[in-house]
Asker: 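Please see the structure below; I have some questions.
Letters A, B, ... are given to chains in the order of the sequence lines, protein chains preceding strands, and every chain is numbered from 1. Keep in mind that what you see is a predicted model, and the values were worked out from it rather than measured.
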There are 2 protein chains.
Amino acid sequence: MSEQAALYVERWNNAPEGPSSDCPVRGVLDKISDKWSMLLVMTLASGPKRFNQLRREVSDISQKMLTQTLRDLQRDGMVARRVYDTKPPSVEYRLTPLGESIIVPFGHLIEWAGHNHPQIGAARAVFDGTN
Amino acid sequence: MSEQAALYVERWNNAPEGPSSDCPVRGVLDKISDKWSMLLVMTLASGPKRFNQLRREVSDISQKMLTQTLRDLQRDGMVARRVYDTKPPSVEYRLTPLGESIIVPFGHLIEWAGHNHPQIGAARAVFDGTN
DNA sequence: CCGGATCCCCCATGATACTG
DNA sequence: CAGTATCATGGGGGATCCGG
């Protein structure tokens with residue numbers, strides 16, 4: 001393992017309260033592992049968007065989950081919601097600085113996924129063929 | 001947004017097949033968002049472990065999900081399983097090089113979480129108080 | 001000690017319909 | 001356009017028993 005990785009492991013295992021279930025880091029990670037949160041953050045990363053615009057861009061999200069996920073992101077301070085008093089009304093969502101700040105670490109994960117998904121596919125083929 | 005972040009966004013939106021539901025990157029990310037996968041990877045990051053040892057360290061995982069998650073990780077080539085023909089039998093799990101390679105990008109996310117969870121907590125308090 | 005098999009519950013998600 | 005309200009469902013995951 002690289003030294004950098006070892007550092008992360010040590011920090012993880014010595015995190016406040018340890019890696020137990022009430023560890024605040026695990027609380028944040030649970031949100032990251034939400035089905036739609038990061039997808040919406042990455043979609044908003046290219047600029048502010050309106051409700052139905054998001055719905056079109058993330059075409060397989062239901063209206064309910066879009067509303068719900070946006071509210072959660074707003075509650076966590078990742079997304080700002082602004083209502084324009086036009087007619088018909090329009091609502092714009094944009095990333096806050098906090099929301100933008102997660103793009104970089106999440107981007108590393110995307111890069112890893114892009115780089116390694118062929119290996120994972122190969123491993124699966126071997127595993128499924130062997131058993 | 002930082003230039004680095006903008007780069008990630010561009011790559012994401014120009015990913016193979018785009019950010020659609022059958023994008024291979026989303027397939028990998030779905031695994032990352034699994035409830036237990038990354039927790040086990042980080043636990044195994046500090047060295048090979050036996051089954052019940054993992055069970056003790058991740059105390060709130062059920063036996064069923066531990067078995068299931070380890071099998072999925074093995075299938076994806078992230079974890080290697082080795083059986084020692086002792087009596088009683090013992091089984092050791094360890095990260096493969098592929099498994100170790102995800103520690104760094106995932107570590108960035110943990111660092112982000114550790115650094116920003118106070119802000120998130122504060123944002124929630126404001127939101128819950130305002131509404 | 002390491003798990004496979006089974007039962008079952010419940011909540012996240014989806015579908016649909018309605019409102020300001 | 002941007003949601004809310006309500007109902008249906010399915011599979012993730014816990015509890016438990018069993019076997020090698």
Asker: Please report the shortest heavy-atom distance between B:I32 and B:M38, naming the atom on each side.
Answerer: O-CG, 3.7 Å

Asker: Per the side-chain contact (heavy atoms from CB on, under 4.5 Å) rule, which among B:K49, B:E57, B:E100 passes with B:L44?
Answerer: B:K49

Asker: For D:dA2, take OP1 and OP2 only and decide whether either is under 4.0 Å from a side-chain N or O of A:R50.
Answerer: yes

Asker: In the 5'-to-3' direction, what one-character label does each nucleotide of nucleotides 8-20 of chain D receive under the scheme B = base within less than 4.0 Å of a protein heavy atom, S = sugar-phosphate only, - = no such atom?
Answerer: -----BBB----B

Asker: Taking atom P of D:dG3 as reference, at what distance in whole Å does atom CG of A:N52 sit?
Answerer: 9 Å

Asker: Taking all non-hydrogen atoms of both residues into account, name the closest pair between B:I103 and B:A45 and its distance.
Answerer: CD1-CB, 3.4 Å

Asker: For the CD1 atom of B:I110 and the CE atom of B:M42, what is their distance to the nearest 0.5 Å?
Answerer: 3.5 Å

Asker: Rounded to the nearest angstrom, tell me the gap between atom NZ in A:K87 and atom P in D:dG3.
Answerer: 18 Å

Asker: Rounded to whole angstrom units, what separation is found between the CD atom of B:E92 and the P atom of C:dG3?
Answerer: 12 Å

Asker: To the nearest Å, give me how far apart NZ (A:K49) and P (D:dA2) are.
Answerer: 14 Å

Asker: Can you name the residues that form a side-chain hydrogen bond (donor to acceptor under 3.5 Å, both in side chains) with A:T43, not counting sequence neighbours?
Answerer: none

Asker: What does the inter-axis angle of the helix from C:dC1-D:dG20 to C:dG20-D:dC1 come out as, five pairs per end, nearest 10 degrees?
Answerer: 40°

Asker: Taking atom C1' of D:dA2 as reference, at what distance in whole Å does atom CZ of A:R55 sit?
Answerer: 10 Å

Asker: Take the protein atom CG of A:D72 and the nucleotide atom P of C:dA12, then report the distance between them rounded to whole Å.
Answerer: 10 Å

Asker: Salt bridge (Lys or Arg N to Asp or Glu O under 4.0 Å): which pairs involve residues 116-126 of chain A, sequence neighbours left out?
Answerer: A:R124-B:D76

Asker: Report the residue (A:P88 or A:T67) whose heavy-atom-nearest nucleotide on DNA chain D is the more 5′ of the two.
Answerer: A:P88

Asker: Counting any heavy atom closer than 4.0 Å, what does A:Y93 reach on the DNA or RNA strands: base, sugar-phosphate only, or nothing?
Answerer: sugar-phosphate

Asker: How long is the line joining CG of A:L66 and C1' of D:dC1, in whole Å?
Answerer: 13 Å

Asker: Show me the donor-acceptor pairs, under 3.5 Å and distance only, between side chains in residues 78-86 of chain B and residues at least two apart or in other chains.
Answerer:
residue	atom	partner	partner atom	Å
B:R81	NE	B:Y93	OH	3.3
B:T86	OG1	B:P88	O	2.8

Asker: Apply side-chain hydrogen bond (donor to acceptor under 3.5 Å, both in side chains) to A:E92 and list each qualifying residue two or more places apart in sequence or on a separate chain.
Answerer: A:R94

Asker: Just so I know, are the side chains of A:L73 and A:L95 near enough to count as touching, which here means a heavy-atom distance under 4.5 Å?
Answerer: no

Asker: What does B:R81 touch in the nucleic acid at a heavy-atom separation under 4.0 angstrom: a base, only the sugar-phosphate, or nothing?
Answerer: sugar-phosphate

